[in-house]
Amino acid sequence: MKKVFCLLLSFVMVLSIASAVNLFAYADENDTEITEEVTEPAEPTNPVDPEEPTNPVDPEEPTNPVDPEEPTNPVDPEEPTNPVDPEEPTDPVDPEEPTEPVDPEEPTDPVDPEEPTNPVDPEEPTDPVDPEEPTNPVDPEEPIRLDAPAVELIVNDNGTFTMFWNEIDGADKYEVYVLNNSTGKYQLNGTVAKTSATTALAPYGVKYSYKVRAINTENEEIASDFSEVVTGINNKKLATPNLKAAENKNGTFTLSWNAVAGAEKYELCIRNADGSYKLMKTTSANSFTTAVAAYGKDYAYKMRAVTSKNVDAASAYSAVVGAVNKVALQTPSLKTAVNSNGTFTLSWGKISGAEKYELYIKQTNGSYKLMKTTNSTSFTTAVAVYGKQYSYRMRAVRGKLVSAYSAAVNQKNTIRLQSPALKVTVNKNGTFTLSWNKVAGADKYELYIRQANGSYKRMKTTSANSFTTAVAAYGKKYYYKAKSLSGKNSRITSALGVAANAVNHKKLTAPAGVKAVVNKNGTFTLSWNKVTGADKYELYIKQANGSYKRMKVTTANSFTTAVAKKGKAYSYKVRAVKNSNGSAASAYSSVVNAKRK
């Protein structure tokens with residue numbers, strides 16, 4: 001028995017070695033890097049007892065054969081998967097010292113030597129790789145393509161489009177393209193990571209076309225083809241607003257409504273007397289407060305939602321809502337005060353619901369005339385005539401709704417303006433500067449000068465606080481007075497103030513820098529510096545007897561003489577003068593001499 005077992009074991013080992021040699025030989029036919037030489041034959045681990053074979057495999061019909069015409073997971077013949085180096089085989093088994101030998105006296109699961117376990121048919125090896133026709137080869141020059149999404153589009157109630165598509169393996173983003181109807185080309189409309197996208201509000205009735213592709217943002221070359229084009233047309237009109245009207249305490253109405261999806265604005269209409277409606281207000285808000293309504297009148301309103309992108313998408317008009325103003329205005333309480341400038345300030349408390357206030361003044365015949373309409377709670381009148389009594393009354397107004405008239409108030413102007421405190425300053429040029437303090441309530445000031453007979457004559461009216469006179473006669477005394485007045489009412493004036501006087505003792509400065517230059521043609525050019533306040537200059541030439549005679553009056557600062565006699569000496573001097581006052585003439589300048597050679 002022992003000899004038989006040893007013979008069977010040797011036979012199994014021979015078959016294993018033969019199979020291994022045939023497998024490597026087949027790999028060599030398909031891989032140039034594998035040779036037919038095997039260094040050490042492998043001895044299978046866990047040998048099986050030949051007396052009782054386990055799971056015998058029919059050598060004519062091997063288990064799980066792989067069709068060599070259509071192998072799974074093909075390997076590129078140029079680069080074999082996990083090749084076995086014939087020079088250094090992986091995990092060789094020493095045939096002289098087998099692993100885990102089986103005791104021949106008590107064999108387990110003997111193997112029939114006529115029918116070995118899982119033999120490998122050398123003519124039809126397992127998992128062969130056909131180098132001529134690999135399955136699903138990968139072209140290293142052509143990028144991997146993702147599957148194209150399958151896209152669906154729906155039109156939402158608010159006029160937007162929502163697109164849905166299936167999730168694509170290998171994609172992390174999706175690009176949505178929209179057709180530009182004007183150019184006929186698709187352009188990128190957005191990139192999303194989700195498998196859906198909702199557009200902005202589409203104009204009513206316009207056709208839009210979209211397509212989607214899957215992308216991998218880590219590799220721009222990995223992208224799918226575009227999906228089939230999907231189209232959508234927004235035929236959804238805006239929803240009809242729900243209009244409400246509330247009556248306010250001030251007699252106005254507040255119209256309010258819900259926000260409508262897709263609406264940009266809302267058009268509010270009011271009913272006319274003939275039953276038609278006219279546009280009253282366009283607003284983007286969700287409420288509007290009307291003006292004060294006529295007391296007791298019925299008002300009716302309706303509205304609709306609109307979008308500027310397409311007027312055809314406007315909603316239907318809302319149901320009509322009505323409102324009636326049942327609020328009356330209270331009567332104002334009028335007060336008056338006299339101001340320091342002779343005006344009156346009329347004031348009153350604010351009336352709830354009032355838009356404006358009407359002020360009336362009493363006429364000489366006893367009737368009242370409308371004087372002022374204002375939305376303020378006070379008003380200042382013009383300057384009142386001194387000592388005259390005035391009467392006023394008023395009422396609050398809201399549209400056509402008015403309150404009762406207030407009680408009349410009377411007022412009299414007992415305020416006169418103060419007289420200005422006048423000062424006079426003599427200037428270097430012989431003029432006078434009159435100045436005075438500002439008087440409260442005064443708009444203007446009148447300046448007076450004393451006449452030869454002692455009376456005062458008005459010479460100037462000004463709103464300033466100073467005035468400069470013309471050049472005064474040298475050595476003459478002048479007297480001045482001033483009074484303040486209201487430009488709004490000439491009757492409101494002050495008394496003439498205390499007189500102020502002044503005398504002009506200021507003469508002009510004698511010209512300096514006088515020069516005489518002899519010209520080539522035998523003339524002399526005389527020149528001098530300009531004198532402040534002077535209107536002109538008088539030139540004098542020395543006579544044979546030693547006196548000086550005026551030879552020229554000029555406004556310039558130079559003068560050229562006639563041709564002088566050769567060898568004769570000439571002497572000149574000049575003085576500054578005022579047109580309005582000869583007494584203010586300056587002293588003569590120093591004498592200059594000139595001689596023609």
Side-chain angles (χ1 to χ4, degrees), residues 338-343 382-388 412-511 530-538 550 553-555 575-588:
V338 183
N339 301 316
S340 60
N341 60 356
T343 62
V383 176
V385 177
Y386 179 76
K388 179 181 176 179
K412 182 184 291 186
N413 176 21
T414 58
I415 305 296
R416 294 188 69 112
L417 299 177
Q418 294 180 346
S419 300
L422 186 63
K423 297 179 181 179
V424 182
T425 301
V426 182
N427 302 316
K428 292 181 179 180
N429 61 358
T431 61
F432 302 146
T433 295
L434 310 178
S435 61
W436 56 92
N437 60 301
K438 187 175 182 179
V439 175
D443 297 317
K444 297 181 181 180
Y445 304 90
E446 291 180 344
L447 297 173
Y448 293 79
I449 186 171
R450 193 173 71 174
Q451 306 296 298
N453 61 6
S455 64
Y456 281 84
K457 177 183 177 181
R458 188 177 66 185
M459 70 171 185
K460 181 70 176 179
T461 300
T462 179
S463 58
N465 295 101
S466 65
F467 174 72
T468 299
T469 67
V471 176
Y474 179 78
K476 179 181 177 180
K477 181 179 284 189
Y478 292 82
Y479 292 87
Y480 300 95
K481 287 185 178 181
K483 71 175 180 180
S484 55
L485 54 88
S486 170
K488 298 178 181 178
N489 192 333
S490 59
R491 297 184 182 183
I492 306 301
T493 64
S494 71
L496 283 172
V498 177
N501 60 74
V503 179
N504 177 21
H505 294 296
K506 304 289 184 178
K507 287 182 175 289
L508 298 175
T509 304
K530 186 177 180 179
V531 176
T532 301
D535 296 320
K536 54 190 176 180
Y537 303 91
E538 294 177 344
R550 188 173 69 183
V553 177
T554 178
T555 59
R575 71 172 180 173
V577 296
K578 291 287 295 181
N579 290 333
S580 58
N581 193 343
S583 300
S586 71
Y588 290 99

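For the numbers below, each heavy atom of this structure counts, side chains included, while hydrogens, waters and symmetry mates do not.
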Just distance, no hydrogens or angles: give the donor-acceptor pairs under 3.5 Å from side chains in residues 458-466, sequence neighbours left out.
residue: R458; atom: NH1; partner: E446; partner atom: OE2; Å: 3.1
residue: T462; atom: OG1; partner: A464; partner atom: N; Å: 3.0

Problem - Student check: side-chain heavy atoms of L434 and K423 closer than 4.5 Å - result: no

Exercise for the section: Could I get the full list of side chain to side chain contact (heavy atoms under 4.5 Å, CB included) partners for A502, not counting sequence neighbours? Expected result: V424, V426, F432

Residues 435-442, side-chain donor-acceptor partners within the protein, below 3.5 Å, at least two apart:
residue: N437; atom: OD1; partner: A421; partner atom: N; Å: 2.7

Handout entry: Where K578 and L508 come nearest, the two heavy atoms and their spacing
Key = CG-CD1, 3.6 Å

Problem - Nearest non-hydrogen partners of L422 and V498, listed with the distance - result: CB-O, 4.3 Å

Problem - Least distance between heavy atoms, P511 atom then S586 atom - result: CD-OG, 3.6 Å

Practice task
Could you note down all residue pairs passing ring-ring contact (aromatic ring centres under 6.0 Å, His included) where residues 450-469 supplies at least one of them, sequence neighbours left out?
Solution key: none

Could you pull out all donor-acceptor pairs under 3.5 Å where a side-chain atom in residues 476-485 meets a protein atom, sequence neighbours excluded?
residue: Y478; atom: OH; partner: A473; partner atom: N; Å: 2.9
residue: S484; atom: OG; partner: Q418; partner atom: O; Å: 2.4
residue: S484; atom: OG; partner: S494; partner atom: OG; Å: 3.1

Exercise for the section: Quick one: list whatever passes side chain to side chain contact (heavy atoms under 4.5 Å, CB included) with T555, sequence neighbours left out. Expected result: K536

Fill in the blank from the handout: Tightest non-hydrogen contact, residues A585 and V577, listed as CB-CG1, 3.6 Å

Practice task
Kindly state each residue pair satisfying salt bridge (charged side-chain N to carboxylate O under 4.0 Å, His left out) with at least one member in residues 465-475, sequence neighbours excluded.
Solution key: none

Practice task
Output all residues satisfying ring-ring contact (aromatic ring centres under 6.0 Å, His included) with Y588, sequence neighbours left out; order by chain, then residue number.
Solution key: Y540

Practice task
Using side-chain hydrogen bond (donor to acceptor under 3.5 Å, both in side chains) as the criterion, list what pairs up with N339, not counting sequence neighbours.
Solution key: T343, T345

Practice task
Using modelled atom types only, decide if a donor and an acceptor are shared between the side chain of S419 and the backbone of A495 within a distance under 3.5 Å.
Solution key: yes

Problem - Minimum heavy-atom distance T468-N427, with the two atoms named - result: CG2-ND2, 4.0 Å

